[in-house]
Amino acid sequence: MFDARVASRELRRFRRKGPRRTTRDLCEGICLHCADASTVLDIGPGIGALTFELLEAGVQHATDVDASSAFLDAAREEAARRGVAHRIQWHHGDFVAVAARLPVADIVTLDRVVCCYPAVEELLAESASHARRCLAISYPLEHSYIRAVVAGQNFARRLMGNDFQMFVHPVSRMEEIVRRAGFALARRRGKWVWGADIYIRDRMAPKS
């Protein structure tokens, strides 16, 4: 699912069309509610689209952790092309497994990551513990047609011998996990396929 061929295709798409909608929504929300943040921990950054958008918006340093070495290689290539490689530190591995070695940051982001992770409580709790000020996540919405598509894709992959699965986690459960960690929902976007939430620590941010 996340090999060099897919990474190369995603990088070409990003260079041609720019960031996807969820990435734009998360970046916009972060800039609105945490404009003066200086560090970001980007979990599952893929080819680094959200990292690059935030660095361009004013964040000074990023830490990116991804389980796919192919996507990290693509992200490094793009960072070098943009002249920002010195502002990014990369880590290879499952975030939960390597979290103890990673620094805290003003912002922690998970753009289209929770849908790839079965243990969502562990993932979100660990992510929140690394966020000083802001936690930003995007996820597939719970509509029946989304669940049907995801179930069909999972079934097709099993038939082809691919054990990768996608998950549609309940939004209410994810919000409960993040709220227990001391965050308040500041912004929610998305209606049809993907949702994008911005959570702020230690204060009740007005919803927008």
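For the single chain, residues carry numbers from 1 onward in sequence order. Computed from heavy atoms alone, side chains included, the values below leave out hydrogens, waters and symmetry copies.
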For the side chain of [X] and the backbone of [Y], is there at least one donor-acceptor N/O pair under 3.5 Å apart?
{"X": "R180", "Y": "A125", "value": "no"}
{"X": "R13", "Y": "G18", "value": "yes"}
{"X": "R187", "Y": "I30", "value": "no"}
{"X": "H91", "Y": "T63", "value": "no"}

Does any non-hydrogen side-chain atom of L141 lie less than 4.5 Å from one of Y139? yes
Salt bridge check: are D64 and R76 linked by an N-O gap of less than 4.0 Å? no
Between R81 and E78, is the closest basic N to carboxylate O distance under 4.0 Å? yes
For R101, is the CZ atom crowded, meaning more than 12 foreign heavy atoms sit under 6.0 Å from it? no
For ring-ring contact (aromatic ring centres under 6.0 Å, His included), just list the numbers for F95 and Y117, CA-CA rounded to whole Å, side-chain angles, deciding distance to a tenth of an Å, and then say yes or no. CA-CA 10 Å; F95 165 70; Y117 213 87; 8.4 Å; no
Assess the side chains of S129 and E126: does a donor N or O sit below 3.5 Å from an acceptor N or O? yes
So which heavy atom on A136 is nearest to which on I198, and how close? CB-CD1, 3.7 Å
Between S138 and the options T23, D197, D111, T109, the side-chain hydrogen bond (donor to acceptor under 3.5 Å, both in side chains) test singles out D111
